[in-house]
Amino acid sequence: MPTSWSDSVNKAPTANGIGANSSSQTSTYVPPHLRNRPPSAALASAPVPNAGPTWGNDSYGQGGPAVGPRKDRNGSGSSWNNRNSSWDRGREREANPFQNDADAEPEYGEQESSGINFDAYDDIPVETSGKDVPPPVNTFADIDLGEALNINIRRCKYVKPTPVQRYAMPISLAGRDLMACAQTGSGKTAAFCFPIISGIMTSCQSDQRQSRMQHMAFPQALILSPTRELSIQIHQEAKKFSYQTGVKVVVAYGGSPINVQLRELERGVHILVATPGRLVDLLERARVSLQKIKYLALDEADRMLDMGFEPQIRRIVQQMDMPPPGIRQTLLFSATFPKEIQRLAVDFLSSYVFLAVGRVGSSTDLIVQRVEYVFETDKRSHLMDLLHAQRANGIKQALTLVFVETKKGADSLEHWLCINDFPATSIHGDRTQQEREYALRSFKSGKTPILVATDVAARGLDIPHVSHVVNFDLPNDIDDYVHRIGRTGRAGKSGLATAFFNEKNSSLASPLANLMQESNQEVPAWLSTFGGGGRNRRGGGSGGRFGGRDFRRDNAYNRGGQDFYASNYNTNNNRGYGASGYGSSTVTSAWD
DNA sequence: AAAAAAC
């Protein structure tokens with residue numbers, strides 16, 4: 001029985017074959033946060049287990065020239081490389097987003113280079129449903145994204161599309177609406193950014209003139225996310241993808257000076273990344289119009305449509321000047337997608353494709369999950385024990401993310417840790433935006449290797465090297481738990497998630513036990529003595545706890561009403577749906 | 001009840 005943090009971590013990973021059994025000539029999965037590193041520096045210093053030709057290999061895909069002569073999609077002789085319009089203005093002073101990547105991340109040593117065996121993806125369970133679903137591609141070269149974008153893909157060291165990209169990109173490029181369940185760590189942002197950028201590049205000449213209305217911006221794509229930091233992260237990614245394509249990406253979020261954002265918007269914007277509140281503000285000031293929107297993407301879509309956000313989203317999407325579904329293209333991405341949220345989402349979609357992409361040995365298999373019974377009053381000393389054990393093991397740069405329920409609780413725990421000689425910082429909604437961003441940087445850099453956070457940090461944030469997530473206070477919703485623990489165990493690395501459980505969490509007992517069981521975790525016997533009373537909104541339904549199932553396939557949905565979905569309905573199950581039954585509650589995963 | 005999200 002593992003008694004310490006390091007015991008757990010050491011025995012956990014690789015059992016499922018991920019990262020092991022490399023076949024040397026195949027591609028290696030390159031996790032997002034490693035993709036921009038120079039091929040030589042960090043990697044040459046350490047042995048590379050899956051030493052295939054992929055690291056530092058400039059070609060991508062499964063062969064064929066990376067960037068070939070490209071046919072002009074418009075049929076006209078012109079291309080977006082023509083220098084004749086405002087399209088090109090400002091390209092010279094566009095900062096190189098790839099430049100500082102090497103400095104941005106400190107060295108983390110050998111384990112850095114361990115990759116995930118991409119072969120594991122061959123068995124990935126994928127479900128698509130909807131009418132006439134475009135087939136997946138195998139390489140970036142299989143689709144025509146445009147030369148400038150292809151160059152950036154290479155700069156990002158993306159060798160081969162991840163599963164979600166393989167499926168989502170052709171669907172998006174075909175102009176279809178999409179509801180996709182996918183994991184952030186596997187290239188979700190790119191999956192919706194590439195087709196959007198490509199589409200904007202293709203249409204740019206015809207739609208060139210920025211409006212005559214000087215102070216109104218007319219973005220062609222809108223990407224919404226539930227937190228400021230996630231919007232910032234998406235913006236950073238999107239800027240890399242669109243570098244020197246002429247496609248301008250602007251981010252707008254609250255808590256920082258609006259004038260800066262207004263100025264950016266005035267300089268032209270094709271893709272606007274935003275949080276809902278600030279966007280509403282901009283719309284009310286008539287500084288942004290949505291009438292030119294061709295693409296709408298909701299990241300963490302289930303969060304965006306839950307009770308807290310739904311009114312704002314409806315206002316933005318349905319009550320301003322945005323083109324309706326069928327005219328614009330709508331892309332919804334999330335990991336967890338409860339049926340009731342899927343039902344709401346229908347209002348925003350037109351004849352959409354549903355896509356669920358899992359991967360072999362889902363994230364939760366890489367994460368050792370532990371539940372410990374801890375009285376409310378003992379939580380601090382128990383946390384202290386864990387941290388001391390961690391420190392005793394001398395693990396450098398082991399970042400620990402501690403989730404608490406309330407903002408006040410975050411402040412006081414941070415303070416308590418600091419006075420007890422554990423450098424900690426915190427992030428929550430009562431802190432200033434400056435403080436929030438500083439805290440995140442300080443944590444990422446290892447300067448304060450403990451971050452106490454509310455749910456503001458639960459979703460989407462890609463923080464490399466988080467090796468331990470502590471649910472100091474458990475969330476009420478099992479989905480939130482899944483998102484929280486998904487901050488660790490990323491990129492094929494081991495991770496540990498420790499939960500402090502007591503009577504207050506009774507309602508989570510059974511969904512938590514189920515999730516852990518599905519993830520092949522040891523479930524403590526005492527856990528089943530709780531629960532009973534707790535209702536899990538997904539408990540009775542079919543398909544296990546994972547939201548990755550098209551709710552249109554539920555009989556209940558069609559019962560009574562007209563069976564609008566039955567005809568032309570097609571579902572396409574690719575592998576992994578054997579006797580174990582993907583939809584029959586054996587599925588686990590830390591869909592992110 | 002809490003958290004997030006505009007000024």
Side-chain angles (χ1 to χ4, degrees), chain A residues 217 222-235 250-262 264-265 272-288 290 298-317 319-320 334 336 341 376 379 401-414 426-437 439-440 451-461 471-484 487 500 502-508 534-535 537:
Chain A
L222 177 63
I223 300 173
L224 293 173
S225 97
T227 65
R228 297 166 182 174
E229 286 74 19
L230 187 50
S231 281
I232 293 169
Q233 181 180 298
I234 295 166
H235 175 238
V250 174
V251 67
Y253 55 90
S256 72
I258 199 168
N259 286 337
V260 179
Q261 293 168 9
L262 288 173
E264 285 297 311
L265 289 167
L272 178 58
V273 183
T275 48
R278 177 54 62 88
L279 177 60
V280 168
D281 190 359
L282 291 168
L283 292 166
E284 282 173 350
R285 294 177 190 224
R287 303 301 294 266
V288 169
L290 301 176
L298 302 190
D299 201 4
E300 307 294 345
D302 59 333
R303 170 63 82 233
M304 302 306 282
L305 296 176
D306 80 5
M307 286 200 313
F309 274 118
E310 191 201 343
Q312 266 181 312
I313 301 302
R314 285 200 187 273
R315 176 132 186 251
I316 292 166
V317 177
Q319 293 160 26
M320 306 301 289
S334 187
T336 49
I341 303 287
E376 208 59 34
K379 281 183 173 178
L401 181 50
V402 183
F403 281 104
V404 296
E405 187 176 18
T406 65
K407 294 177 278 197
K408 272 181 63 179
D411 279 337
S412 76
L413 184 58
E414 174 200 5
S426 69
I427 185 167
H428 61 70
D430 274 355
R431 303 201 75 188
T432 68
Q433 191 53 32
Q434 251 190 345
E435 289 170 330
R436 286 166 57 159
E437 288 173 40
L440 206 51
L451 179 66
V452 184
T454 59
D455 267 330
V456 70
R459 283 176 175 254
L461 296 187
N471 274 291
F472 190 90
D473 302 315
L474 274 163
N476 296 315
D477 189 324
I478 191 66
D479 284 347
D480 294 332
Y481 174 83
V482 169
H483 284 278
R484 285 179 177 189
R487 298 312 100 210
F500 294 176
N502 61 39
E503 274 79 4
K504 271 180 65 180
N505 314 113
S506 298
S507 68
L508 201 68
R535 59 193 157 80
R537 63 165 198 263

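Not measured: the values here are computed from a predicted model. Here is how names work: the chains are called A, B, and so on, in the same order as the sequence lines, proteins then strands, and each is numbered from 1.
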Between A:D455 and A:H483, is any side-chain donor less than 3.5 angstrom from a side-chain acceptor? no

Hits for ring pair (Phe, Tyr, Trp, His ring centres under 6.0 Å) against A:F500, two or more places apart or cross-chain, chain-then-number order -> A:H382, A:F472

From the set B:dA6, B:dA2, B:dA4, return the single nucleotide nearest to any side-chain atom of A:E284. B:dA6

Starting the side chain at C-beta, find the nucleotide from B:dA5, B:dA2, B:dA6 nearest to A:T227. B:dA5

Please round to the nearest 0.5 Å and tell me the distance separating atom CG of A:L224 and atom CG of A:L230. 11.0 Å

So for A:N476 and B:dA2, does any side-chain atom that can act as donor or acceptor lie under 3.5 Å from a complementary atom in the base? no

A:R303 CZ to B:dA4 P, in whole Å, measures 11 Å

Rounded to whole Å, how long is the line connecting atom CG of A:L474 with atom P of B:dA3? 16 Å

Roughly, in whole Å, what's the span from NE2 in A:H428 to P in B:dA4? 8 Å

Whole-Å distance separating the CG atom of A:L230 from the P atom of B:dA5: 11 Å

Minimum-distance nucleotide (side-chain atoms of A:R436 versus B:dA2, B:dA4, B:dA6): B:dA4

Residues which pass salt bridge (charged side-chain N to carboxylate O under 4.0 Å, His left out) with A:R228, listed by chain and number, not counting sequence neighbours: none

